[in-house]
A.B. asks: 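The structure under discussion is supplied below as structure tokens; questions concerning it will follow.
The model shown is predicted, which means the values in this text are computed figures rather than measured ones.
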Amino acid sequence: MNKYIIAPSILAADMTQLGKEIAAAEAAGADWIHVDVMDGRFVPNITMGQFVVEACRRVTKLPLDVHLMIEKPEDHLETFVKAGASGLTVHVETCPHLHRTLGHIKSLGCRAGVVLNPGTAIGAIEPVLGLADLVLVMSVNPGFGGQGFIPESIARIRDIRKKLDALGSSAWLEVDGGVSVETIAQLKEAGITAFVAGTSVFKYPQGIEAGIKALRSYL
Ligand code: DX5
Ligand code: ZN
């Protein structure tokens, strides 16, 4: 596995060509495929669910990095694991029993991720930093692709990187939102090891392969 993960978000893919777009990303060296599940409640949009995860599972061997932007994610963990998720990432804002939920994900043999919104204090995830296999920092407010990167995210990433290092944690530190050739170098420098990228891969003007190559050239 690469030291730095590029995880194209299919939210930005052409949905009429999803299989082909995923195959193109895989051929271009994507490491994981990021699937944004939204419920129209926790976030304004409704996107895709377990049937799309199942369909992705049939067209690629890459790990499926499933980002659950839904209320009560604990009710759907088995469903998404059965559908083929390799990692499930839950929002601290939706999980009153975060410790239990992460433990449950791990018990299903799945990578357990926790994610926090730009407006959520880092302290909210501190008690589970030793348990999480992945920590995702939102660098936009979740719910839409193609938004501008929030620059204050860098200081938050540095802070979480320090805390993970102090614990000796080997968890992935992932970022999601506005990752592009303009932002990726500073994100790497701040300690990110996994980069979600929607627009800058699937809507890259020169195509998916060029988009991934452009990002990788900074890693
Ligand atoms: C936003 C989603 C992201 C989104 C990123 O709520 O979680 O994964 O697809 O899109 P870009 O890379 O275009 O900012
Ligand atoms: Zn996402």
Side-chain angles (χ1 to χ4, degrees), residues 5 7-13 15 18-19 21-22 25 30-120 124-145 147 171-177 194 196-198 202:
I5 298 293
S9 163
I10 60 168
L11 189 62
M15 290 299 165
L18 188 56
E21 301 239 313
I22 290 174
D31 301 283
W32 300 344
I33 297 296
H34 185 82
V35 184
D36 286 306
V37 177
M38 303 187 191
D39 66 353
R41 294 181 68 90
F42 175 58
V43 292
N45 275 319
I46 300 176
T47 54
M48 43 199 131
Q50 65 268 34
F51 303 118
V52 173
V53 173
E54 255 172 37
C56 292
R57 188 66 294 157
R58 281 188 268 118
V59 295
T60 181
K61 290 197 169 55
L62 294 179
L64 300 178
D65 180 39
V66 178
H67 178 189
L68 295 176
M69 286 163 275
I70 61 176
E71 290 182 1
K72 298 197 186 302
E74 64 275 9
D75 291 352
H76 304 278
L77 304 176
E78 275 94 353
T79 301
F80 280 99
V81 171
K82 264 194 208 138
S86 318
L88 287 178
T89 302
V90 293
H91 273 264
V92 59
E93 299 85 2
T94 64
C95 289
H97 301 290
L98 183 60
H99 189 278
R100 180 193 292 158
T101 303
L102 291 174
H104 188 182
I105 297 172
K106 284 165 88 105
S107 76
L108 297 170
C110 199
R111 185 178 57 241
V114 61
V115 46
L116 74 175
N117 281 339
T120 299
I125 59 163
E126 214 160 341
V128 299
L129 283 182
L131 184 64
D133 301 313
L134 178 147
V135 176
L136 171 56
V137 179
M138 289 309 302
S139 42
V140 298
N141 286 295
F144 305 88
Q147 301 182 81
W172 296 102
L173 183 52
E174 187 177 50
V175 64
D176 188 1
V196 176
F202 289 109

A.B. asks: Kindly give the heavy-atom pair with the smallest separation between Thr60 and Leu62, and that separation in Å.
C.D. replies: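 It is OG1-N, 3.0 Å.
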
A.B. asks: Determine yes or no for a side-chain-to-main-chain donor-acceptor pair under 3.5 angstrom, with Gln147 supplying the side chain and Asn141 the backbone.
C.D. replies: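 At least one qualifying donor-acceptor pair exists.
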
A.B. asks: Only distances under 3.5 Å count here; give the side-chain donor-acceptor pairs of residues 72-87 to other protein atoms, sequence neighbours excluded, each with its distance to 0.1 Å.
C.D. replies:
from	atom 1	to	atom 2	distance (Å)
Glu78	OE2	His104	NE2	3.0
Ser86	OG	Leu64	N	2.8

A.B. asks: Less than 4.5 Å apart, any side-chain heavy atom of Gln50 and any of Val37?
C.D. replies: no

A.B. asks: Could you tell me whether the side chain of Val90 reaches within less than 4.5 Å of the side chain of Leu98, counting heavy atoms only?
C.D. replies: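 Yes; the side chains approach each other to less than 4.5 Å.
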
A.B. asks: With no hydrogens and no angle check, is any side-chain donor or acceptor of Thr89 less than 3.5 Å from a backbone partner on Val114?
C.D. replies: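 Answer holds: no.
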
A.B. asks: Please check if the side chain of Asn45 supplies one atom and the backbone of Gly143 the other of a donor-acceptor pair under 3.5 Å.
C.D. replies: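 Yes; at least one donor-acceptor contact below 3.5 Å.
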
A.B. asks: Leu18 and Ala13: which non-hydrogen atoms are nearest, and at how many Å?
C.D. replies: CD1-CB, 4.0 Å

A.B. asks: Could you measure the distance from the CZ atom of Phe42 to the CD1 atom of Ile70? Nearest 0.5 Å is fine.
C.D. replies: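 Atom-to-atom, Phe42:CZ and Ile70:CD1 are 10.5 Å apart.
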
A.B. asks: Which of parallel (below 30°), tilted (30 to 60°) and perpendicular (above 60°) describes His91 and His67?
C.D. replies: parallel

A.B. asks: Minimum heavy-atom separation for Gly198 to Ala12, with atom names?
C.D. replies: C-CB, 3.4 Å

A.B. asks: When rounded to the nearest 0.5 angstrom, what distance separates OG1 in Thr101 from CG in Leu68?
C.D. replies: 10.5 Å

A.B. asks: Considering all heavy atoms of both residues, which atom of Gly113 and which atom of Leu102 are nearest to each other, and what is their separation?
C.D. replies: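 Residues Gly113 and Leu102, closest heavy atoms: O-CD2, 3.5 Å.
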
A.B. asks: For Ala55, enumerate each residue passing the side-chain contact (heavy atoms from CB on, under 4.5 Å) test, keeping only those at least two apart in sequence or located in another chain.
C.D. replies: Arg58

A.B. asks: Applying salt bridge (Lys or Arg N to Asp or Glu O under 4.0 Å) as the test, list every pair that has at least one member in residues 33-42; sequence neighbours left out.
C.D. replies: Arg41-Glu71

A.B. asks: How far does CE of Met38 sit from CE of Met48, to the nearest 0.5 angstrom?
C.D. replies: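 One finds 7.0 Å between CE of Met38 and CE of Met48.
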
A.B. asks: Rounded to the nearest 0.5 Å, how far does CD of Glu174 lie from CH2 of Trp32?
C.D. replies: 5.5 Å

A.B. asks: Given side chains that start at C-beta, do those of Met69 and Val115 come closer than 4.5 Å, heavy atoms only?
C.D. replies: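 They are not in contact (no side-chain heavy atoms under 4.5 Å apart), so the answer is no.
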
A.B. asks: Under 3.5 Å, side chain of Glu21 to main-chain N/O of Phe202, donor-acceptor pair present?
C.D. replies: no

A.B. asks: So, the side chain of Asp133 versus the backbone of Ala112: is there a donor-acceptor pair under 3.5 Å, distance only?
C.D. replies: yes

A.B. asks: Starting from the C-alpha separation in whole Å, work towards a yes-or-no answer on side chain to side chain contact (heavy atoms under 4.5 Å, CB included) for Thr120 and Met138.
C.D. replies: CA-CA 10 Å; Thr120 299; Met138 289 309 302; over 6 Å; no

A.B. asks: Can you tell me how far apart SG (Cys56) and CD1 (Ile33) are? Round to the nearest 0.5 Å.
C.D. replies: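 Reported to 0.5 Å precision, the distance equals 7.5 Å.
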
A.B. asks: If every non-hydrogen atom of Ala132 is compared with every non-hydrogen atom of Ala171, which pair is closest and at what distance?
C.D. replies: O-CB, 3.5 Å

A.B. asks: If you round to the nearest 0.5 Å, how far is CH2 of Trp172 from CG of Leu136?
C.D. replies: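 One finds 14.0 Å between CG of Leu136 and CH2 of Trp172.
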
A.B. asks: Take Ile10 and Val52, measure what side chain to side chain contact (heavy atoms under 4.5 Å, CB included) needs, and give me the verdict at the end.
C.D. replies: CA-CA 10 Å; Ile10 60 168; Val52 173; 4.2 Å; yes

A.B. asks: Of all the heavy-atom pairs spanning Leu131 and Gly103, show the shortest one and how long it is.
C.D. replies: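 Residues Leu131 and Gly103, closest heavy atoms: CD2-N, 4.3 Å.
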
